[in-house]
Amino acid sequence: MVHIDQFAVEQWMDKYENDAKHNLAETCCASISLSDLVNLSETSEISNNILDFSRKQVYGAIRGTAALRANIAALCSSNAPVPLPDEQVLVTNGAIQANFLALYTNVGQDDHVICHYPTYQQLYSVPKSLGAQISLWRSKENDCWRLDLEELKSLIRPNTKMIIINNPQNPTGAVLARDTLQGIVDIAREHGIIVHSDEVYRPLFHSVEQEELPPSILSFGYEKTVSTGSMSKAFSLAGIRLGWIASRSPEIIEACASVRHYTVISVSQVDDQIATFALRSPTVHNLLKRNIALARQNLKLLDAFVKEYDWACRWVRPKAGTTAFVQFVNRNGQPLDAVGFCKSLQAKTGVMLVPGSRCFGNNVDFRGFVRIGYVQEHRVVAAGLQELRNFMEEEYEKLAVA
Ligand SMILES: Cc1ncc(COP(=O)(O)O)c(C=O)c1O
């Protein structure tokens, strides 16, 4: 039987999310309804535009409709010198399936894989389950969670098949800058290594200057690049379960399509139509404008909280995405037991957070860290932080250290 490690963050969400009164663990921008989506589209013709009610519910376009793939290709091509051809996109059930398919296709036993860390556990646990050797490439908290390219060079082995990055990064909200991406591509090209970039939080760059916006990994003129993304995070539509694999390499797309036949056949035609609608202009721009404004507004609240409790909280202010990685310490500067903290907080106040040590650090790294999702509805974040304040006053100093 295949052995795969337990998926700690998804298990935590499964266990605690339904009972959360103030969910500050959510990683999607505040979700929207189909009516909200129509309002953002500046049209009122809901049935004609968003869903074709007369369409027979056959399997439909196997790889995704031409219209949807064109919209995704355009999204992946922003700031790219050469646009991504539409046929270089495969539609999947969320980014989770996109990652799984691309990793299952491109990584085999005896391969070596280098993975950005900390990150979404799927990105290293799936290659590990396929028999690959894994090297974690640690981003440096004391250097704003940057990655060191010299270290990457030292991690390369003769059998290195893939470098996996997550940009923007979950859980830290850090961004890999253009020159870092260029460095990764240069090193990968020299050794013929595939670069797999989970870009599910693109393009939610709420605290990055316009001239510093990093392009997709597909924009560096290197064929062996894969980008995965979805409608869940920056586009507020996790419920339609729609994601994608995009690559500059026709061989990689064909290999993924071949594996995909065993698991997907086609994605729901209803989901395909809704995503096509959401990703067209002006809807997509209005949606992103809404979410970037929400991220900035809520981040101010979180920033104020971290300043107010500066004796207890340490962080690198996030620049993009929907999550912040905050370390909680006691009056002596010792990191708290993050699991105990999250359990006690939720039991006493209904505020849900995610313990970083359990869900991003295999119980070894990131002591005292919690992940906070702050791109919820403003009132949810405000109420959750108020409850957290009450907890800080009444309960916090009773908590155990790690
Ligand atoms: C980095 C990352 N990749 C992929 C996913 C999966 O998202 P979805 O399948 O909803 O697109 C998540 C969800 O939290 C994530 O954080």
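What you see is a predicted model, and the numbers here were worked out from it, not measured in a lab. One-based numbering, in listed order, for ligands and for the atoms of each.
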* **Side-chain touch H378/L301, heavy atoms, less than 4.5 angstrom** =>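 In contact.
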* Using the side chain to side chain donor-acceptor pair (under 3.5 Å) rule, collect all pairs that involve residues 8-19, keeping only residues at least two apart or in two chains. => Q6-Q11, E10-Y120, E17-N23
* Asked: Please, which pairs that meet ring pair (Phe, Tyr, Trp, His ring centres under 6.0 Å) have at least one residue in residues 239-269, sequence neighbours excluded?
  ->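 Checked against ring pair (Phe, Tyr, Trp, His ring centres under 6.0 Å) - neighbours excluded - no pair reaches residues 239-269.
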* Asked: Is it true that the side chains of N291 and H206 contain a donor and an acceptor less than 3.5 Å apart?
  -> no
* Would you please indicate if the ring centroids of F341 and Y396 are separated by under 6.0 Å? => yes
Does ligand 1 have any N/O atom under 3.5 Å from a protein N/O, and what are those pairs and their distances?
residue, atom, partner, partner atom, Å
ligand 1, 3 (N), D198, OD2, 2.6
ligand 1, 9 (O), A95, N, 3.2
ligand 1, 9 (O), I96, N, 3.0
ligand 1, 9 (O), R241, NH2, 2.9
ligand 1, 10 (O), S232, OG, 2.7
ligand 1, 10 (O), R241, NH1, 2.9
ligand 1, 11 (O), A95, N, 2.8
ligand 1, 11 (O), S230, OG, 2.7
ligand 1, 11 (O), S232, OG, 3.3
ligand 1, 14 (O), K233, NZ, 2.7
ligand 1, 16 (O), N170, ND2, 2.8
ligand 1, 16 (O), Y201, OH, 2.8

Distance-only check: which donor-acceptor pairs under 3.5 Å involve side-chain atoms of residues 186-193, not counting sequence neighbours?
residue, atom, partner, partner atom, Å
D186, OD1, Q182, NE2, 3.0

